[in-house]
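Sequence lines set the chain letters: A, B, ... in the order given, protein chains first and strands last, and positions in each chain run from 1.
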2 protein chains.
Amino acid sequence: MNYSIGEVAKKLNFKIHTLRYYDREGLIPSVERTANGTRVFKESDIELLKFIQCLKNSGMAIKDIKNFIEWSSEGDSTLQQRYDLFQKQKIAVEKQIEELQEALNVIEHKSNYYKAALDAGTEDAQGKKKIGTSVLD
Amino acid sequence: MNYSIGEVAKKLNFKIHTLRYYDREGLIPSVERTANGTRVFKESDIELLKFIQCLKNSGMAIKDIKNFIEWSSEGDSTLQQRYDLFQKQKIAVEKQIEELQEALNVIEHKSNYYKAALDAGTEDAQGKKKIGTSVLD
DNA sequence: ACTTGCCCTAAAGTTAACTTCATGAAGTAA
DNA sequence: TTACTTCATGAAGTTAACTTTAGGGCAAGT
């Protein structure tokens, strides 16, 4: 089954512009063209785009994704690079998750604090000791 | 205890420029100045900066942090805004963590795949069915 | 006096990842 | 045929969050 750029955009919730941008940047070299230049996306291109979406969610930069795509087309000689890339990204993501967990604790605390303040009608009931320190309670 | 901008930068691992930028953007209005304009950071400013660092880690935008700081100085009339901000951020962070977890699974799979390929000396031993599909294995 | 090392500002520059703009061609529906 | 939709390109514009540049002040050490 083949798809037009518009169909892919709708299906994967990308903007058409973004898909063309990714194409320009070399992220989807497998996408083919009709005689008059219209892009034709195959099922495997959809899968690739889902994977790209996942890597983007992990915070991987476009240029790293591009490198990976290039390495993939170069065969076994780039296995080490590809391994290193994903090892590095794995560690980066683990660190990110840790930081987000910490931040989440603080944010939940603040959220609860303001919920209680709202119920009380004022912040002054929340164990606030001095005027002007509320930012950090 | 008071600190100069350089001391704060070293202590919290910010660049001096970034601290001045945050000041310009209204994130640390409580920082005072000496007669000739040099910034003087108090202990409470350090704590505020740590909190800002945490919010930044959570992906909160500078302008949202600035809003929060402003609201904090306006008293009980902005309790709802502050509550909404942290509720919204809480949900955003939870979503981020979820996406990162998903991405982490995929990335770990890739990392293991390439580890095995490296050990085998070639990608072709990894159950790869057809040439050219390696990107998605 | 002079050099070093801290501090200051305003403004311009950078980077990533889009996004918009100006323009035009091909295909379809009435 | 005219109108509409979808496709295309290259190039310029946008946004956030810094970062760098260019200028200069003050205080301590030699």
Side-chain angles (χ1 to χ4, degrees), chain A residues 2-29 31-42 45-46 48-49 51-69 85 88-89 92 96 99 103, chain B residues 2-29 31-42 45-46 48-49 51-69 85 88-89 92 96 99 103:
Chain A
N2 290 338
Y3 305 87
S4 72
I5 195 167
E7 287 167 341
V8 175
K10 185 162 290 177
K11 202 174 164 72
L12 303 186
N13 212 32
F14 278 113
K15 296 229 173 108
I16 288 179
H17 291 307
T18 307
L19 291 172
R20 287 204 270 250
Y21 166 69
Y22 285 175
D23 195 6
R24 252 202 326 284
E25 294 299 308
L27 265 53
I28 43 173
V31 171
E32 285 166 16
R33 304 287 188 120
T34 64
N36 61 39
T38 299
R39 289 177 185 79
V40 180
F41 293 76
K42 298 175 297 299
D45 295 318
I46 304 276
L48 175 55
L49 280 166
F51 180 52
I52 288 171
Q53 206 158 37
C54 172
L55 293 180
K56 285 240 64 228
N57 280 344
S58 86
M60 190 180 284
I62 296 286
K63 76 166 172 25
D64 286 335
I65 300 176
K66 181 217 179 98
N67 280 340
F68 165 67
I69 297 293
L85 175 65
K88 219 187 81 205
Q89 194 62 18
Q96 257 193 96
E99 284 180 354
Chain B
N2 290 337
Y3 305 87
S4 72
I5 195 166
E7 288 166 339
V8 175
K10 185 163 289 178
K11 202 174 165 72
L12 302 186
N13 213 30
F14 278 113
K15 296 227 173 112
I16 288 180
H17 291 307
T18 307
L19 291 172
R20 288 205 270 250
Y21 166 67
Y22 285 176
D23 194 6
R24 251 200 328 283
E25 295 299 308
L27 265 53
I28 44 173
V31 171
E32 285 166 16
R33 304 288 188 119
T34 64
N36 61 40
T38 299
R39 289 175 185 81
V40 179
F41 292 75
K42 299 175 295 301
D45 296 318
I46 305 275
L48 175 55
L49 280 166
F51 179 53
I52 288 171
Q53 206 159 37
C54 172
L55 293 180
K56 285 241 64 224
N57 279 344
S58 86
M60 191 181 283
I62 297 285
K63 75 165 172 26
D64 286 335
I65 300 176
K66 181 216 178 96
N67 281 339
F68 166 67
I69 298 292
L85 175 66
K88 218 187 83 207
Q89 195 62 17
Q96 258 193 94
E99 284 180 356

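Using a 4.0 Å heavy-atom distance criterion, A/Ser4 is classed as a sugar-phosphate-only contact. In this structure, A/Phe14 reaches neither bases nor backbone, as no heavy-atom distance under 4.0 Å exists between it and the strands shown.
Separating the CD1 atom of B/Ile52 from the C1' atom of D/dA17 is a distance of 14 Å, rounded to the nearest angstrom. When rounded to the nearest whole Å, the span between CD1 of B/Ile65 and C1' of D/dC18 equals 14 Å. Summarising the geometry, the separation between CG on A/Asp23 and P on D/dG10 is reported as 11 Å, rounded to the nearest angstrom. A straight line from CD1 of B/Ile62 to P of D/dT19 spans 11 Å, rounded to a whole angstrom. Between B/Phe41 atom CZ and C/dC6 atom C1' there is a gap of 14 Å when expressed in whole angstrom units. Between B/Leu19 atom CG and D/dC18 atom P the separation is 11 Å, expressed in whole Å. Here the P atom of nucleotide D/dC7 and the CZ atom of A/Arg39 are 10 Å apart, to the nearest Å. Rounded to whole Å, atom P of C/dC18 lies 13 Å from atom NE2 of A/His17.
The end-to-end axis angle of the helix from C/dA1-D/dT30 to C/dA30-D/dT1, rounded to 10 degrees and based on five pairs per end, is 10°.
For B/Arg20, whose side chain is taken as the heavy atoms from C-beta onward, the closest listed nucleotide among D/dC18, C/dC18, C/dC8 is C/dC8. Nearest nucleotide to the A/Tyr21 side chain, out of C/dC18, D/dC7, C/dC7: C/dC18. Side chain of A/Lys15, nearest nucleotide from C/dT19, D/dT9, D/dC18: C/dT19. Considering only the side chain of B/Ile5, C/dC8 comes nearest among C/dC8, D/dC7, D/dC18.
Residues A/Ile28 and A/Ile52 form a side-chain contact, since some pair of their non-hydrogen atoms from C-beta on lies under 4.5 Å apart. For the pair A/Leu12/A/Leu19, no side-chain contact is recorded, criterion being any heavy-atom separation below 4.5 Å from C-beta on.
Applying the side-chain contact (heavy atoms from CB on, under 4.5 Å) rule to B/Asn67 yields the partners B/Asp64, B/Glu70, B/Trp71; only residues at least two apart in sequence or on another chain are considered.
Counting non-hydrogen atoms of neighbouring residues, nucleotides and ligands closer than 6.0 angstrom, the CG atom of B/Asn13 reaches no more than 12 such neighbours.
With respect to the salt-bridge test (charged N to carboxylate O, under 4.0 angstrom), the residues A/Arg39 and A/Asp45 do not qualify.
Nearest-nucleotide mapping onto DNA chain D: of B/Asn36 and B/Lys63, the residue sitting toward the 5' end is B/Lys63. If you find the closest nucleotide of DNA chain D to B/Thr18 and to A/Arg24, the one lying nearer the 5' end belongs to A/Arg24.
Note on B/Tyr22: a side-chain N or O is less than 4.0 Å away from OP1 or OP2 of D/dC18.
Of the inter-residue distances, the one linking B/Phe51 atom CZ with B/Ile69 atom CD1 reads 7.5 Å to the nearest 0.5 angstrom.
At least one donor-acceptor pair closer than 3.5 Å links the side chain of A/Gln89 to the backbone N or O of A/Ser58.
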